Amino acid sequence: MNDLKRSDFEVNRLGKATLLSPIFKNYAEEAPDKEFIDDSRRIIYDPSIEAYKANMESGEEPISFLKAGARKEIYFDPSKTKAAIVTCGGLCPGINNVIRGLVNGLYYRYKVRNIWGIQYGYQGFIPEYGHEMIKLTPEVVKDIHLFGGTILGSSRGRQDISAMVDALERENINILFTIGGDGTLAGNHVINEEIKRRGLKIVTAGIPKTIDNDVNYMTKTFGFDTAFTTAAAVVRDAHNEATGAYNGVAIVKLMGRDSGFIAANAALAMPDVNFVLVPESKFDLHGEKGFLAALKSRVVDRHHALVVVAEGAGQHLFDEGSEVKDKSGNVKHKDIGVFLKDEIGKFFTGEGIEATVKYIDPSYIIRSEVAIPADSVFCNDLALNAVHGAMAGLTDFVVGRWHNQFTYLPIPVATASRKKIDVDGSLWWSVLETTGQPINMTNEDK
Ligand SMILES: Nc1ncnc2c1ncn2[C@@H]1O[C@H](COP(=O)(O)OP(=O)(O)O)[C@@H](O)[C@H]1O
Ligand SMILES: O=P(O)(O)OC[C@H]1O[C@](O)(COP(=O)(O)O)[C@@H](O)[C@@H]1O
Ligand SMILES: [Mg+2]
């Protein structure tokens, strides 16, 4: 929990919501029992009886998240509201679905007519880049969910915060939706700080985009299900390559900068995988208990092996060199896939075993896929809830899902730390049990 307190989960609001929502007006006669959410509704962080008892004993209020959903009263007058959408960072399946959901939610549910797309991420706010804003209507976005990527374009790299807020002021934007990962959310927060400093009536809302699924306090981010579903198909094909040769070894590298969720879930979906290597579980290459010894034993026994490796795994195996960063300041990892292919090849040659090693890297194909139906539904719900929160005047918040409920979190708590696989938890134990790989592939005793 990173020592966060109950009060850290309080979402800021720009001002009191006093206008009757058009949604309420629409439903008042036909569906008077439709549920509207107020700010007293919260979703508990830990629903276990142990946590309940501990809270009863200590008298402390448990950690909980604001429940997302349509409010009866809103802050912004739809006829005078201008909204903007920006997409930043790496691609992820479902970005276009989120854009479509935001536009349709604003347009049809709240009757907001002034909706704009900012091109190429935070760059789009800086006049020097010359990226024009695009007017977004339901007509413009009607087919975009059929394509991967983002119709708005994206970018990495820091932009001047003051210049970005100047652009929001110049364009009279009231609501900014940022679709992006931890970096984008951090950017959203500092934009918000500058908005507050200037006393502007602008809210900022985040929709969490990262196929790595590494945002804290949310079970899942959009695009993740598509990513591991697509990865599972590649893993299946890699299995054919492995079994197609005597002593065949196939290695599939999947994205996952610091968290191995895609690798773990793809392997569970395609349980032919024999080894899953993730950043959260350190392994040695050599030595009696190292990965290569375990791989040899598998190949000698069954004459084929399938390895799935997350891009951030095994970084300690590289000689320390200068750290390479991308434009946003994210560390660019050394290529563990190519490294493993070479090391495995050399190892088997040294052992006098004739092996065929095939290496597959589908990373960018997975990332630019079209969202699968489950993700499409999820993207639309996230977008609609972002619209509800922003129209109600909530600000500096990100939409999440926890225990199957949509939530609003203050951005700083969502970006305070990265979500990682718990190697003592059920996901990793399922991986160990499914693959049969040794629990410990280091030469140290655990
Ligand atoms: N602390 C920060 N303050 C301002 N902008 C940031 C911050 N961290 C990241 N950004 C910007 O957010 C954008 C997206 O970040 P990036 O890390 O590339 O992708 P993601 O949002 O997917 O994590 C980039 O333009 C980056 O420079
Ligand atoms: O080639 P790029 O654009 O730097 O992207 C690579 C990174 O994108 C990711 O898929 C997602 O990262 P972000 O969430 O920061 O966009 C990482 O797994 C990967 O390291
Ligand atoms: Mg990121």
Side-chain angles (χ1 to χ4, degrees), residues 86-95 98 118-126 129 131 148-150 152-165 176-195 204 206-216 218 220-224 226-228 230-231 253-266 278-279 309-313 315 323-337 361-369 396 398 411-412 414-421:
V86 64
T87 60
C88 311
L91 296 182
C92 176
I95 299 179
V98 173
I118 309 292
Q119 293 202 81
Y120 301 105
Y122 287 140
Q123 270 185 14
F125 288 111
I126 312 296
Y129 285 100
H131 306 315
T150 159
L152 296 177
S154 187
S155 67
R156 294 196 192 274
R158 287 289 168 99
Q159 304 302 336
D160 184 81
I161 300 300
S162 185
M164 288 202 273
V165 179
L176 173 64
F177 294 100
T178 64
I179 305 174
D182 55 341
T184 309
L185 290 170
N188 182 317
H189 178 66
V190 288
I191 290 172
N192 201 277
E193 296 278 283
E194 179 61 14
I195 288 170
T204 64
I207 299 99
K209 167 239 65 157
T210 166
I211 56 166
D212 293 354
N213 195 26
D214 57 0
V215 183
N216 235 330
M218 39 192 90
K220 213 164 40 179
T221 44
F222 76 82
F224 172 68
T226 305
F228 88 77
T230 313
K253 185 179 83 170
L254 298 172
M255 279 188 173
R257 196 186 273 132
D258 299 299
S259 308
F261 288 105
I262 302 179
N265 281 275
V278 293
V309 58
E311 64 173 318
Q315 293 300 306
E323 203 174 57
V324 182
K325 292 195 172 171
D326 71 12
K327 282 187 186 163
S328 296
N330 302 305
V331 174
K332 278 181 100 78
H333 287 318
K334 311 254 172 43
D335 196 331
I336 184 70
D361 178 355
S363 305
Y364 290 104
I365 294 168
I366 288 171
R367 197 166 89 159
S368 52
E369 259 298 333
D396 197 11
V398 55
I411 287 177
T415 52
S417 63
R418 280 225 169 92
K419 190 171 73 181
K420 289 176 189 266
I421 296 178

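Bear in mind that the values here come from a model prediction, so they are computed numbers and not experimental data. Ligands are counted one by one from 1 in listed order, and the atoms in each one are counted from 1 as well.
- For the atom pair OG1 of Thr178 and CG of Leu185, the computed distance is 5.5 Å after rounding to the nearest 0.5 Å.
- Ranking the protein heavy atoms by distance from atom 10 (O) of ligand 2 puts Met255 SD, 2.8 Å first.
- Counting only distance, with no hydrogens or angles, the side chain of Gln123 and the backbone of Gln159 share no donor-acceptor pair below 3.5 Å.
- For ligand 2, the atoms closer than 4.0 angstrom to any heavy atom of Gly90 are 16 (O).
- Separation of atoms OG1 (Thr204) and CG (Leu176) is listed at 6.5 Å; rounding is to 0.5 Å.
- With hydrogens and angles ignored, the 3.5 Å screen pairs a side-chain donor or acceptor of Lys209 with a backbone N or O of Cys88.
- Atoms of ligand 2 found under 4.0 Å from any heavy atom of Tyr364, numbered from 1 in the order shown, are 1 (O), 2 (P).
- Those atoms of ligand 1 with a heavy atom of Gly181 less than 4.0 angstrom away are 20 (P), 21 (O), 22 (O), 23 (O).
- Look at Asp361 and Lys253 and you find a salt bridge, because one of the NZ, NE, NH1 or NH2 atoms lies within 4.0 Å of a carboxylate O, short of that distance.
- Side chains of Ser417 and Asn216: a donor-acceptor N/O pair is present below 3.5 angstrom, by distance only.
- Protein heavy atom in closest approach to atom 23 (O) of ligand 1: Asp182 OD1, 2.6 Å.
- Interface atoms of ligand 1 facing Ala186, defined by a heavy-atom separation under 4.0 Å, are 1 (N), 2 (C), 7 (C), 8 (N).
- Glu311 places a side-chain N or O within 3.5 Å of a backbone atom of Gly256 that can act as its donor or acceptor partner.
- Heavy atoms of Arg156 found under 4.0 angstrom from ligand 2 belong exclusively to the side chain.
- Among protein heavy atoms, atom 6 (C) of ligand 2 sits closest to Arg367 NH1, 3.4 Å.
- Contact between Thr210 and Thr221 at its shortest, heavy atoms only, is O-OG1, 2.7 Å.
- Taking CG of Asn265 as the reference point, atom CG of Leu254 lies at 11.0 Å (rounded to 0.5 Å).
- Atoms of ligand 2 lying under 4.0 Å from any heavy atom of Thr210, numbered from 1 in the order shown and given with element: 14 (O).
- At least one N/O/S atom of Asp182, from backbone or side chain, sits under 2.8 Å from the Mg ion (ligand 3).
- Within the listing of ligand 1, atoms 3 (N), 4 (C) sit less than 4.0 angstrom from a heavy atom of Val190.
- In this structure, of Arg158, Gln123, His189, the residue bringing a heavy atom nearest to atom 2 (C) of ligand 1 is Arg158.
- Here is the list of ligand 1 atoms found below 4.0 Å of a heavy atom in Asn330: 16 (P), 17 (O), 18 (O).
- The option with the heavy atom closest to atom 22 (O) of ligand 1, from among Arg156, Lys327, Lys209, is Lys209.
- Of the protein's non-hydrogen atoms, the one nearest atom 15 (O) of ligand 2 is Arg257 NH1, 3.2 Å.
- Between Gly121 and ligand 1 there is no heavy-atom distance shorter than 4.0 Å.
- Put simply, no part of Thr210 is less than 4.0 Å from ligand 1, judged by heavy atoms.
- Relative ring orientation between His131 and Tyr129 is described as parallel, the plane-to-plane angle staying below 30° on a 0-90° scale split at 30° and 60°.
- The closest donor-acceptor contact from the side chain of Ser328 to the backbone of Gly157 lies under 3.5 Å.
- When only non-hydrogen protein atoms are considered, atom 21 (O) of ligand 1 lies nearest to Thr184 OG1, 2.4 Å.
- Using a cutoff of 4.0 Å between basic side-chain nitrogens and carboxylate oxygens, Arg418 and Asp214 are scored as salt-bridged.
- Scanning all protein heavy atoms for the shortest distance to atom 20 (O) of ligand 2 gives Glu311 OE2, 2.7 Å.
- Under the side-chain contact (heavy atoms from CB on, under 4.5 Å) rule, Ile179 has a single partner from Thr150, Thr184, Thr87, Leu152, which is Thr87.
- In this structure, the protein non-hydrogen atom closest to atom 10 (N) of ligand 1 is Gly183 O, 3.3 Å.
- The atoms of ligand 2 that sit less than 4.0 Å from any heavy atom of Gly256 are 18 (O).
- In terms of protein heavy atoms, atom 25 (O) of ligand 1 is closest to Gly157 O, 2.7 Å.
- Atom 26 (C) of ligand 1 has its closest protein heavy atom at Ser328 OG, 3.4 Å.
- Formation of a donor-acceptor pair under 3.5 Å by the Lys419 side chain with backbone atoms of Met218 is found in this model.
- Heavy atoms of Gln159 stay at 4.0 angstrom or farther from ligand 1.
- The distance from ligand 1 to the heavy atoms of Gly89 drops below 4.0 Å at these ligand atoms: 14 (C), 18 (O), 19 (O), 22 (O).
- Judged by distance alone, with hydrogens and angles left aside, the side-chain atoms of Asp212 form no donor-acceptor pair with the main-chain N or O of Ser259 at under 3.5 Å.
- Residue contacts with ligand 2 do not include His333, since none of its heavy atoms lies under 4.0 Å from the ligand.
- Atom 11 (C) of ligand 2 has its closest protein heavy atom at Asp212 OD2, 3.9 Å.
- Of all atoms in ligand 2, listed by their number and element, those nearer than 4.0 Å to a heavy atom of Ile211 are 10 (O).
- Summarising the geometry, atom CZ belonging to Phe125 is positioned 13.0 Å from atom CG belonging to Asp160; distances are rounded to the nearest 0.5 Å.
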